[in-house]
Enquirer: 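Pasting a structure here, questions to come.
These values consider heavy atoms only, across backbone and side chains, with no hydrogens, waters or symmetry-generated copies. All of these numbers come straight from a predicted model, not from anything done at the bench.
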Amino acid sequence: MLDVLGNLERSHTCGELRASDVGSQVVLMGWVAKKRDFGVFTFIDLRDREGVTQVVVSEETAAEAHAKAKNLRGEFVIAVKGEVVARDEGAKNAKLSTGEIEVKVGEILVLNDAKVPPFQLEVAGSENLASEDTRLKYRYLDLRRPQLQQNIIMRAKAVRAIREYFDSRGFIEIETPILLKSTPEGARDFIVPSRIHTGKFFALPQSPQILKQITMIAGLDRYYQIARCFRDEDLRADRQPEFTQLDMEMSFANQEMAYREIQGMFNHVLKLIDVELPAVWPRITYAEAMRRYGSDKPDLRFEMELVDLSDDLRDTDFAPFADTLSNGGEVKCIVVKGKADYSRKQTDELQEFVKRYGAGALAFIKLGDETSSSLMKVLGEEKIAQLVGTSGAEKGDAVLIVAGKKSVVAASLGALRNEVARREDLIDRSKYACLIVTEFPMFEHDEATDTYVAAHHPFTSPMDEDLEKFKTAVNDPSQHHLLGEVRAKAYDAVINGYECAGGSIRIHQQDIQALNFKALGLSPEKARERFGFFLDALEFGTPPHGGFAAGIERTCMILCGTENIRDVMAFPKTASAQDLMMDSPGEVDVSQLTELGIQVCE
RNA sequence: GGGGUCGUAGUUCAGUUGGUUAGAACGCCAGCCUGUCACGUUGGAGGUCGCGGGUUCGAGCCCCGUCGGCCCCGCCA
C-alpha cells in the first residue's frame, strides 16, 4: 500500500546534512540504496542525486515506521521524517559526506515500490558492473549510479562554463536549423524526407559550418552555438552518430585570435576540475607533430618520440629496408625505456598491433645483458650498434622499428607509441597536456583516384605564404602535385591526445574560393549546384573570418577522466548505432511511408 | 566493408582431455540478530550454457553458420 506525497516537501537533499544540523527536524526523499536489518532496528541508505544519508528506524521509538521499513526493497522511493542525530564516534562513516550524522526516523512514507533491478547499481569492487548492453537497455537505472550522475552534472557545468566564456567575450548565441540541405561531400548525411515536397529531402547538419559563416556575412560579428551534429558513420569509443559541439566563428579574425579564444575557453572550462592550463599553449606544426609523434594529435603526457633511422640504413642491402628507402619511404623507431625484457610473445603482440595500421613487420632491438635483435643476422652487430646510437636507447631499453611508406610509419608508430604508454602505464593521469597543432595541409591525396580532397573543408583558407604555390598548382596541370604541399590556415586543439577542437580561417574572397573548387575537381556548375546560396552570399561583402568547433563530449571525457563517450551522454547509442532503451531505429507504418512517397526496397 | 574479443543463474564470472546431477560470489526469497554502512547468520529458490545446424555413444567444451555487446582498421569534408 503506497502513501501519498500530499503537501509534504523535502527539507534537505540526501547529500546535505552535517554535524551542524544535529537536532533539526528534516524530511528527506529518495531511493532505497541499501537496507541493513537488525531486527529491532533497521538502517536504510537513502540516495538521491546529491548523495547518501543513513537513516535509522527503531521498533522501540517508531513502531509503525519500523514495520514499514521491513517491507522496503532496493530502489523503492520513500520519504522519511525525523531528527538529525550525531553518530557515536566509532559509528561515523568517513566514506560518506553525511557520515557524521544519521536521521532518526519518526515516520516513513512509501511513495513508490520498484521491481528488483535487472542489475546491481553498486557492486563491491565497483568495476564488476553489468555488461554495457544490459545497462544501456535500462539506462534510467544505470543513470542512477552516482558516477554517471556526476558525469552528467559535469557536462552541464562544462556547457555553462562555455556559455559564460563566450558571453563574456561578446559572442552571440545563435540557433541554426536542424533541417538543412544535403551536401554530398564529407560524412554521410542523415536524411529527412519532406511530406510537403514529396521526393525531396532535408539533411541533418554534420556541422553548422556554412550557416555560421553566413552569420559573419550577415554582420553578426561573433557567433557561437552549442550545436547538435549528426553523422551517419561508423562509431568508435569516442564517436557517436549524434554529438554536440561548441561551434564558434568571428569576423576580422586571424589565427592568433582564434588560438586566443580556444585557449581562453578551455582554460576556463578546465578550471571546473581545478586544472590550470598555460595561458599560451605550446604549439607545433602539423609536419613536426607527424615527424616527432606520428600523429596530428599527440599525447604529450609522455615522451617517447619517434626517431628516424633512415639515414643509417641507406647503405644496407636488406631488401625490406632498401626497397622502402629507395621508394621514398622511411624507417623509424621508438625507444621503450627499461623494456629489454620484452618477451617474444609481447613483441609478437606489438607486431600484430602495428600490422593493423599497414606496417609489414615490427623489428626490435633489445638491450639486455646481451643485445638481441630480430635484425642481427641481416644487419650485423656493427649496424645494430649504430642504430642504437641514433635511437638514443640505453642499456635495458627496447627499440621498436617500423619501415614503410611515410604515412604507414607515422600511423603505426604513432599508435604504437600510445599503445606502449598505455600498456606500460607511462601516462601520468594527473597531468593535462594541451597543444595547438598548426599549419595543417590544405589537401589530402587520394591514391586510389589520384585526386586531392579537402583535408579540413572546402572553405578553408590556404596560408598566405603558400598562395602562389596554390595558384600554380591549380592553374598548371603539370604542377598539380604541388597541392599536396599547400598548407592551410587550419588548426586543432589537442588535450591528452584527444582532438578537442578544430578550426580554420575561411576563404572570404570569391576568386580564391573558385580556385579551391577547381583544385578539388568541382566544376563551377557543380559548385553552384551544391553551394550556390553560399557563393552568392560571398559576393555581398564578406569580412575575413574564422573560428573553430570543439567536441563537447571529448571535452567532458577529459573533465570526467573517462575514455568512453557513453559515460558523458545521457542516452547514448551502441557501437552499431542503436538505442537499446527505446529500440531505435525502428520501422514505421506503411501509411507514413505512403504519405511521404517512400517505398522500402530490399 | 574488414579484423579482434566476449556471450554459461537476475548480475559478474569459473567450468579440466568431449563423460555422472553445470558451480562460486553478489543479488533475490524466508527466518534470526541492539550499531551496521561490502552488516552478520541459518535456510531456500533460481539455468533454452545467445540462437540454428553438424560431428560424436555422449557437446557448455569440437566444426559450420548466424545474432548481439565491446574494441580496432577503413570511414568520420
Enquirer: It should be established whether A/Thr574 places a side-chain nitrogen or oxygen under 4.0 Å from OP1 or OP2 of nucleotide B/G69.
Expert: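 For B/G69, OP1 or OP2 has a side-chain N or O of A/Thr574 closer than 4.0 Å.
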Enquirer: Base, sugar-phosphate, or nothing: which does A/Pro458 touch, judged by heavy atoms less than 4.0 Å apart?
Expert: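 It contacts base atoms.
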Enquirer: Determine the contact category for A/Lys92: base if any of its heavy atoms lies under 4.0 Å from a base atom, sugar-phosphate if only primed atoms, P, OP1 or OP2 are that close, otherwise nothing.
Expert: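 Here A/Lys92 touches the bases of the nucleic acid.
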Enquirer: At under 4.0 Å, does any side-chain N or O of A/Arg239 touch on OP1 or OP2 of B/C73?
Expert: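 Checking A/Arg239 against B/C73: no side-chain N or O falls below 4.0 Å of OP1 or OP2.
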Enquirer: Scan A/Phe353 against the nucleic acid and name what it touches under 4.0 Å (heavy atoms): base, sugar-phosphate only, or nothing.
Expert: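 Since no nucleic acid heavy atom lies under 4.0 Å of A/Phe353, the category is nothing.
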Enquirer: With the side chain of A/Ala187 defined as its heavy atoms from C-beta on, choose the nearest nucleotide among B/C70, B/C76, B/G35.
Expert: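 It is B/C76.
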Enquirer: Indicate the ring-plane relationship of A/Phe517 and A/Phe531, choosing parallel, tilted or perpendicular according to the 30° and 60° boundaries.
Expert: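 Aromatic pair A/Phe517/A/Phe531 classed parallel.
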Enquirer: Taking only N and O in the side chain of A/Ser576, is any of them less than 4.0 Å away from OP1 or OP2 of B/G69?
Expert: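 Answer yes for this pair, as a side-chain N or O of A/Ser576 is under 4.0 Å from OP1 or OP2.
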Enquirer: Would you say A/Arg36 reaches B/U36's phosphate, i.e. side-chain N/O to OP1/OP2 under 4.0 Å?
Expert: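 Checking A/Arg36 against B/U36: no side-chain N or O falls below 4.0 Å of OP1 or OP2.
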Enquirer: Look at A/Ser131 and B/U12 and indicate whether a side-chain polar atom (N or O) is within less than 4.0 Å of OP1 or OP2.
Expert: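 Indeed, a polar side-chain atom of A/Ser131 lies that close.
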Enquirer: Quick one: which of B/G69, B/C37, B/G10 gets closest to the side chain of A/Asp133?
Expert: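 Selected nucleotide (nearest to the side chain): B/G69.
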Enquirer: Hey, what's the ring geometry for A/Phe353 with A/Tyr357, parallel, tilted or perpendicular (30° and 60° as the breaks)?
Expert: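 Geometry flag for A/Tyr357 against A/Phe353: tilted rings.
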Enquirer: So what does A/Gln206 touch, heavy atoms closer than 4.0 Å: a base, only the sugar-phosphate, or nothing?
Expert: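 Result for A/Gln206 = nothing.
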Enquirer: Give none if B/A24 has no partner; otherwise give the nucleotide forming a Watson-Crick or G-U wobble pair with it, both distances under 3.5 Å.
Expert: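 Pair assignment: B/A24 / B/U12.
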Enquirer: Using a distance-only criterion (donor-acceptor N/O pair, under 3.5 Å, no hydrogens), is the base of B/U11 paired with the side chain of A/Arg135?
Expert: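 Result: no qualifying N/O pair found.
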Enquirer: A/Phe230 vs A/Phe243, test: ring pair (Phe, Tyr, Trp, His ring centres under 6.0 Å). Steps then yes/no.
Expert: CA-CA 7 Å; A/Phe230 306 84; A/Phe243 59 98; 8.2 Å; no
Enquirer: Which of the following nucleotides, B/G74, B/C26, B/C70, is nearest to the side chain of A/Gln120?
Expert: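 From the listed options, B/C26 comes nearest.
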Enquirer: Taking the six-membered ring for Trp, are the ring centroids of A/Phe43 and A/Phe38 within less than 6.0 Å of each other?
Expert: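 For A/Phe43 and A/Phe38, the ring centres are under 6.0 Å apart.
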Enquirer: Toward the 5' end of RNA chain B, which comes first, A/Leu96 or A/Arg236, by nearest nucleotide?
Expert: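 Its nearest nucleotide being more 5', the pick is A/Leu96.
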Enquirer: Between A/Asn564 and B/C71, is there a contact of a side-chain N or O with OP1 or OP2 at under 4.0 Å?
Expert: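 Yes, because at least one side-chain N or O of A/Asn564 sits under 4.0 Å from OP1 or OP2 of B/C71.
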Enquirer: Please check this pair: side chain of A/Asn516 against backbone of A/Pro458, looking for a donor-acceptor N/O pair closer than 3.5 Å.
Expert: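 Side chain of A/Asn516 to backbone of A/Pro458, a donor-acceptor pair under 3.5 Å: yes, one is there.
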Enquirer: Tell me whether the OP1 or OP2 atom of B/G69 has a side-chain N or O from A/Gln578 closer than 4.0 Å.
Expert: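 Yes, within the criterion.
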Enquirer: Counting only side-chain heavy atoms from C-beta out, which of B/C76, B/C29, B/C37 sits nearest to A/Arg73?
Expert: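 The nucleotide sitting nearest to the side chain is B/C29.
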Enquirer: Once you apply a heavy-atom cut-off of 4.0 Å, does A/Arg566 come out as touching a base, just sugar-phosphate, or nothing?
Expert: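 Answer is sugar-phosphate: A/Arg566 comes under 4.0 Å of backbone atoms only.
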Enquirer: Measure from the side-chain heavy atoms of A/Asp234 and tell me the nearest of B/C75, B/C39, B/C76.
Expert: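 Among B/C75, B/C39, B/C76, the one nearest the side chain of A/Asp234 is B/C75.
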Enquirer: Which of the following nucleotides, B/A38, B/C71, B/C70, is nearest to the side chain of A/Lys34?
Expert: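 Of the candidates, B/A38 comes closest.
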Enquirer: Quick one, A/Asp189 with A/Gln206, criterion side chain to side chain donor-acceptor pair (under 3.5 Å). Give me CA distance, side-chain angles, the key distance, then yes/no.
Expert: CA-CA 7 Å; A/Asp189 285 320; A/Gln206 298 173 21; 2.5 Å; yes
Enquirer: If only side-chain N and O atoms of A/Arg422 are considered, is one of them under 4.0 Å from the OP1 or OP2 phosphate oxygen of B/C71?
Expert: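 Answer no for this pair, as no side-chain N or O of A/Arg422 is under 4.0 Å from OP1 or OP2.
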Enquirer: Is A/Glu102 touching bases, backbone alone, or none of the nucleic acid, heavy atoms closer than 4.0 Å?
Expert: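 Base, at least one base atom sits under 4.0 Å.
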Enquirer: Would you indicate, yes or no, if B/A38 has its OP1 or OP2 atom less than 4.0 angstrom from a side-chain nitrogen or oxygen of A/Lys95?
Expert: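 Answer is yes, contact under 4.0 Å.
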Enquirer: Checking all strands, does A/Asp88 fall into the base, sugar-phosphate, or nothing category for heavy-atom contacts under 4.0 angstrom?
Expert: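 Contact class for A/Asp88: none.
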Enquirer: What is the base-pairing partner of B/U66, counting Watson-Crick and G-U wobble geometry with both distances under 3.5 Å?
Expert: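 Checking every strand shown, B/U66 finds its partner in B/G50, with both distances under 3.5 Å.
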Enquirer: Give A/Ala454 one of three labels, base, sugar-phosphate or nothing, depending on what nucleic acid heavy atoms sit under 4.0 Å from its own.
Expert: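 If one applies the 4.0 Å heavy-atom cut-off, A/Ala454 turns out to touch the sugar-phosphate alone, with no base involved.
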